[in-house]
Amino acid sequence: MSLDAWSRVMSDEPTLRTAADERGFNLGAAVDPNALRNDPSYWKTLRSSFNAVTPENALKMGPLRPSPNTYDFTDADAVVNFGVANDMYVRGHTLVWHNQTPHWFQAWDYTDDQLREFLRDHIHTVAGRYRAKIDTWDVVNEAVADDGTMRETVWYDALGEEYLDLAFQWASEVAPDADLYYNDYGADAINEKSDAIYDLLERLLERGVPVDGVGLQLHALGDHPDPESVAANIERFQALGLEVEITEMDVSFPADDVPDDPLEVQADYYRSIVETCLEVGCETVVTWGVNDANSWVANFKDFPERFTTEPLLFGGRYEEKPAYHAVRDALEN
Ligand code: XIL
């Protein structure tokens, strides 16, 4: 047990998880199955501090499908079953995305009809398997480009915008009780991209597509979207009849523009987002990792610029950062 955790046992302070539970709030983390298996501090921190989980990569098509006719659910099961066993809210991420598809798939010379059948089978198999375990699915991830046009992905190129209709329909056929989400980045506040996503969701709803919610990733890596604008954005989606969740939050700074007190600035931003959620009735915030040592930010090679690499609530040795305390305070007050 870490010193932080031990000192809390000796005091009467609630853990982050208790504060979230008491508030009826889902506070989650993206989970790495290897850390879950190999690092007791990792799963103990996860279990005591969070009441929601999502596999960070294990449910993506590439990791799940080593060859055309096989699935490997080992890693996904590890994370999902951990969540179920520990009475956590489980988000499934993600059924349809243009990234992290299998290599053999990228080399496949399919017809449009074959691609449609392939996607239907994929969604039926994966969403069907977890129908009793996964509460909410990111059915489609990142379908809109940064300029607000539809992103030209393998799915869009073959099937047009209707691929979203089909994906949500197929998911609802096999997982009728799950909440079905559209998820994207860079659309957290009111801006050109979130305007386009708003229009897309409006079209889906008009066509009777079974979409329940919108996930705002909120990777606040360099830019920290204005909380008031995030609130207004959440409220306009809610006015369409949709739920909104913050699905992949992390907070860092451009590596060449770090404030004097980064941990405090980070804590204030986490606090303001959790407060915003509580005010507008968005009941879920998932951080994109458990602790800084496991964050994707240090390892991801495709960022256009460099960011500081301590974006989460727990430090590299699972120490509670100011952001941890800020989130707990926001949940308690
Ligand atoms: C990231 C993972 O964190 C990395 O480990 C992986 O190498 C790339 O994908 N938006 C998403 C997530 O929807 O799936 C991405 O996760 C981060 C950006």
Side-chain angles (χ1 to χ4, degrees), residues 28-39 42 46 50 52-65 75-76 78-80 90-103 105-106 122 126-127 134 136-146 151 153-156 164 167 171 180-188 193-194 197 200 213-225 244-252 284-314 316:
V31 176
D32 167 8
N34 289 322
L36 194 62
R37 283 188 281 260
N38 299 327
D39 181 354
Y42 184 91
L46 180 62
F50 297 92
V53 286
T54 188
E56 181 173 355
N57 290 299
L59 280 171
K60 295 171 182 173
M61 194 181 278
L64 268 188
R65 307 195 56 174
D75 282 351
V79 179
V80 171
V90 182
R91 296 195 91 263
H93 175 80
T94 175
L95 294 169
V96 190
W97 194 26
H98 58 284
N99 280 334
Q100 288 180 271
T101 56
H103 291 294
F105 170 80
Q106 293 164 29
H122 179 79
V126 179
I134 288 187
T136 298
W137 268 108
D138 289 334
V139 176
V140 178
N141 196 34
E142 302 180 354
V144 173
D146 293 347
R151 189 186 288 277
T153 66
V154 286
W155 317 112
Y156 186 78
L164 286 105
L180 305 180
Y181 271 57
Y182 175 79
N183 191 54
D184 216 325
Y185 71 88
D188 314 298
K193 185 165 177 179
S194 62
I197 291 170
L200 171 64
V214 180
L216 307 177
Q217 293 184 6
L218 199 47
H219 290 290
L221 299 183
D223 175 41
H224 299 173
V244 181
E245 300 184 342
I246 306 296
T247 55
E248 307 187 11
M249 187 170 180
D250 38 22
V251 183
S252 58
T284 299
V285 171
V286 177
T287 62
W288 205 239
V290 173
N291 72 330
D292 288 339
N294 284 283
S295 162
W296 72 308
V297 177
N299 298 313
F300 190 68
K301 302 285 177 262
D302 292 343
F303 290 127
E305 56 178 312
R306 290 188 48 244
F307 301 110
T308 56
T309 54
E310 298 171 344
L312 297 168
L313 305 182
F314 288 90

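For the single chain, residues carry numbers from 1 onward in sequence order. These numbers come from a predicted model, not from an experiment. One-based numbering, in listed order, for ligands and for the atoms of each.
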- [ ] Compute the centroid of each ring, for Trp97 and then for Phe105, and state whether the two points are separated by less than 6.0 Å.
- [x] no

Open item on the list: For Lys193, is there an ion pair with Asp188 - N to carboxylate O distance below 4.0 angstrom?
Closed with: no

Task: Ligand-residue contact atoms, ligand 1 with Asn141, heavy atoms, under 4.0 Å - done: 11 (C), 13 (O)

Task: Heavy-atom nearest neighbour of atom 16 (O) of ligand 1 within options His93, Lys60, Glu248, Glu142 - done: Lys60

Task: Minimum-distance protein heavy atom relative to atom 3 (O) of ligand 1 - done: Glu56 OE2, 2.4 Å

TODO: Could you tell me whether the side chain of Asn57 reaches within less than 4.5 Å of the side chain of Gln100, counting heavy atoms only?
DONE: yes

Task: Flag if over 12 foreign heavy atoms under 6.0 Å of CZ, Arg306 - done: no

Task: Per atom 8 (C) of ligand 1, closest listed option by heavy atom (Lys301, Gln100, Gln217) - done: Gln100

Open item on the list: Once you measure the plane-to-plane angle for Phe303 and Phe307, does it fall in the parallel (<30°), tilted (30-60°) or perpendicular (>60°) bin?
Closed with: perpendicular

TODO: Tell me which part of Tyr185 gets within contact of ligand 1: side chain, backbone, both or neither, using heavy atoms under 4.0 Å.
DONE: neither

Open item on the list: If you take the nearest heavy atom of each of Asn57, Thr54, Thr94, which one is closest to atom 5 (O) of ligand 1?
Closed with: Asn57

- [ ] Heavy-atom contacts with Trp97 under 4.0 Å: which atoms of ligand 1 show up? List them by number with element.
- [x] 14 (O)

- [ ] For the pair Asp292 (side chain) and Leu312 (backbone), establish whether a donor and an acceptor sit closer than 3.5 Å, ignoring hydrogens and angles.
- [x] yes

